[in-house]
Amino acid sequence: MMKADVIVGIQWGDEGKGKIVDKLALEYDMVCRSQGGHNAGHTIWVDGVKYALHLIPSGVLNPKAINVVGNGVVLSPESIIKEMEQFENLEGRLFISDKAHLNLSYHALIDQAKERLKGDKAIGTTGKGIGPSYSDKINRIGHRVGELLDPEALCTKILDYFAQNKPIFDVMDIHAPAREELLAELNGFKANLAPYITDTTQMLWKALDEDNQKVLLEGAQGTMLDIDHGTYPYVTSSSTVSAGACTGLGINPKDIGKVTGIVKAYCTRVGNGPFPSEDLGEDGARLGKQGHEFGTTTGRARRCGWFDAVATRYASRLNGCDELALMKLDVLDGFDEVKVCVAYEYNGKEIDYVPVDLENVTPIYKTFKGWTNSVGVRKFEDLPASAQEYVKVIEEVAKTKVGIISTSPERDDTIIL
Ligand code: GDP
Ligand code: IMO
Ligand code: MG
């Protein structure tokens, strides 16, 4: 009986999960995605070559690892087919759950229309139809990946769905596709994806229970974007925490082994919603510039600020993190001083927890000495003294040990402690 290890984002996404999953995948037999959709954007650099992944698990660059897209994912066939073109011979290396829900082009139209209607209350979604496809799933009116195997029947169901929702869709100026057009599209999806569709839960059980395989579960987004525990309503529509990996793949809590939380050495957020340690001044702009903080999926500039220890402690407890991977330490190179948000001021009092109305807190900072030249360092003892000190501070304030430090986008510029 093997346990599955988990990689989970513990800030607002884009922590560098892709880089770590790619690096660790070399030691795993299987890498599985359990939630989210093509709102995720994971950038991986290997020997100067850049790969952008959205739905395919970040284990794909290890030719030996099997990659699984679990039932908890909302899958855009169009998006994954395009993504698959970057790789040769994925047959036998990529499997998609027949229970994953379909994210079809009308979901993106609904997402974008709803955002427009919200005006200045918009969430700032990726516009990829994530919320609407998860709503359809929970509303029990969604369509699943396995249904792609019978395009005629699925086509009829989708047209029925349009007929039932016509008054609502009319308001959003969304119209039913013509039957021939829709059927041709679905036939195309079947032709491209049928070899990959299977019961991935059975696969995973066999891998863990019989074949003694090493399995890595790759989270998308981050804890502060979790539908229950994040900054609702400014969140994504899935369970981004480690527990979500169980429901999103059909395994149980006892199947989970080590949990590694991925954090940047500072903080970023894309889209709207509270972000206590955001720096709207020169420092934030500098972090964005040095960290190349533009979204992989939408190209939007990410909001930047300092490391938030309160949010990290919260996320570490929620996920059961055994350790942290501290990413992008090199981005802090050249700052005379670096700040860490160690507590919040809330209703005139100092607090050390994340309240439900996070927009009403003010960060309380501690300042530490900066450093230069951490980029590309591969051994802890080769880090500048104040960078070593900063890592110790993070461990202390986050109450979680740091097991991995990353000092560049490249796979091997990584310190394993
Ligand atoms: P993910 O969504 O969590 O997989 O993260 P993204 O890929 O969206 O964003 C992280 C970005 O930081 C990517 O462009 C990575 O190539 C880059 N990156 C990852 N680790 C490091 C690091 O240690 N240093 C620097 N400078 N960049 C990094
Ligand atoms: P990765 O996996 C950062 C954000 C969006 C928006 C909110 C809701 O690369 O870390 P959605 O389209 O999901 O309904 O948008 O969530 N968001 C992300 N932010 N990284 C991501 O994924 C994200 N996926 C969604 O910007 O604020
Ligand atoms: Mg990303």
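Counting starts at 1 for both ligands and their atoms, in listed order.
With F335 as the aromatic partner, R286 meets the cation-pi criteria of under 6.0 angstrom to the ring centre and within 45 degrees of the ring axis.
Of the listed residues (K128, E218, Q35, Q221), the one carrying the non-hydrogen atom nearest atom 23 (C) of ligand 2 is Q221.
Ligand 2 places these atoms under 4.0 Å from at least one heavy atom of G271: 27 (O). Ligand-side atoms of ligand 1 in range of M327: 20 (N), range being under 4.0 angstrom from any heavy atom. Contact atoms of ligand 2 toward K17: 1 (P), 2 (O), 10 (O) (distance under 4.0 Å to a heavy atom of the residue). Each of the atoms 3 (C), 19 (N) of ligand 2 lies under 4.0 Å from some heavy atom of W12. Ligand 1 places these atoms under 4.0 Å from at least one heavy atom of W45: 16 (O). Counting the atoms of ligand 1 from 1 in the order shown, those under 4.0 Å from a heavy atom of S408 are 20 (N), 21 (C), 22 (C), 23 (O), 24 (N), 25 (C). Near A220, meaning under 4.0 Å from any of its heavy atoms, are these atoms of ligand 2: 2 (O).
Polar contact check, E15 against ligand 2: no nitrogen or oxygen pair lies under 3.5 Å apart. Residue contacts with ligand 2: D14 is placed with a nitrogen or oxygen under 3.5 Å of a nitrogen or oxygen of the ligand (distance criterion only). Checked by distance only, ligand 2 and G41 come closer than 3.5 Å through their nitrogen or oxygen atoms.
Residue G41: an N/O/S atom is found under 2.8 Å from the Mg ion (ligand 3). For residue D14, an N/O/S atom approaches the Mg ion (ligand 3) to within less than 2.8 Å.
Counting heavy atoms under 4.0 Å from ligand 1, residue V331 touches it through the side chain alone. Contact annotation for R302 and ligand 1: only side-chain heavy atoms (C-beta onward) come within less than 4.0 Å of the ligand.
G41 O, 2.8 Å is the protein heavy atom nearest to atom 8 (O) of ligand 1. Counting protein heavy atoms only, atom 12 (O) of ligand 2 is closest to T126 OG1, 2.6 Å. Here the protein heavy atom with the shortest distance to atom 15 (O) of ligand 2 is T125 CA, 3.3 Å. Nearest protein heavy-atom neighbour of atom 10 (C) of ligand 1: D14 O, 3.7 Å. Closest protein heavy atom to atom 26 (N) of ligand 1: D330 OD2, 2.7 Å. Of all protein heavy atoms, the one closest to atom 13 (C) of ligand 1 is T43 CB, 3.7 Å. Taking atom 16 (O) of ligand 2 as the reference point, the nearest protein heavy-atom neighbour is L225 CD2, 3.8 Å. For atom 8 (C) of ligand 2, the nearest protein heavy atom (residue, atom name, distance) is V235 O, 3.4 Å. Looking at atom 27 (N) of ligand 1, its nearest protein heavy atom turns out to be K328 CE, 3.3 Å. Of all protein heavy atoms, the one lying nearest to atom 26 (O) of ligand 2 is R300 NH2, 2.9 Å. Nearest to atom 6 (C) of ligand 2 among the protein's heavy atoms is G124 O, 3.2 Å. The nearest protein atom to atom 4 (O) of ligand 1, hydrogens excluded, is given as G18 N, 2.8 Å; this is a heavy-atom distance. Nearest protein heavy-atom contact of atom 23 (O) of ligand 1 is S406 OG, 2.4 Å. In terms of protein heavy-atom proximity, atom 13 (O) of ligand 2 is nearest to T236 OG1, 2.6 Å. The closest protein non-hydrogen atom to atom 27 (O) of ligand 2 is V270 O, 3.0 Å.
A distance of 6.0 Å or more separates the ring centres of H175 and F162. Two rings, from W371 and Y390, have their centers less than 6.0 Å apart. Under the 6.0 Å cut-off for aromatic ring centres, F307 and F368 do not qualify, their centroids lying 6.0 Å or more apart. Side-chain rings of Y344 and Y353 stay apart, their centers remaining 6.0 Å or farther from each other.
Using a 3.5 Å distance cut-off with no hydrogens or angles, the side chains of T362 and E345 do not pair a donor with an acceptor. Side chain to side chain, Q221 and Q35 meet the donor-acceptor criterion of an N or O pair below 3.5 Å.
For the ligand labelled ligand 1, residue G9 lies outside the 4.0 Å heavy-atom shell.
A salt bridge is absent between E395 and K401; no separation between the charged side-chain nitrogens and carboxylate oxygens falls under 4.0 Å.
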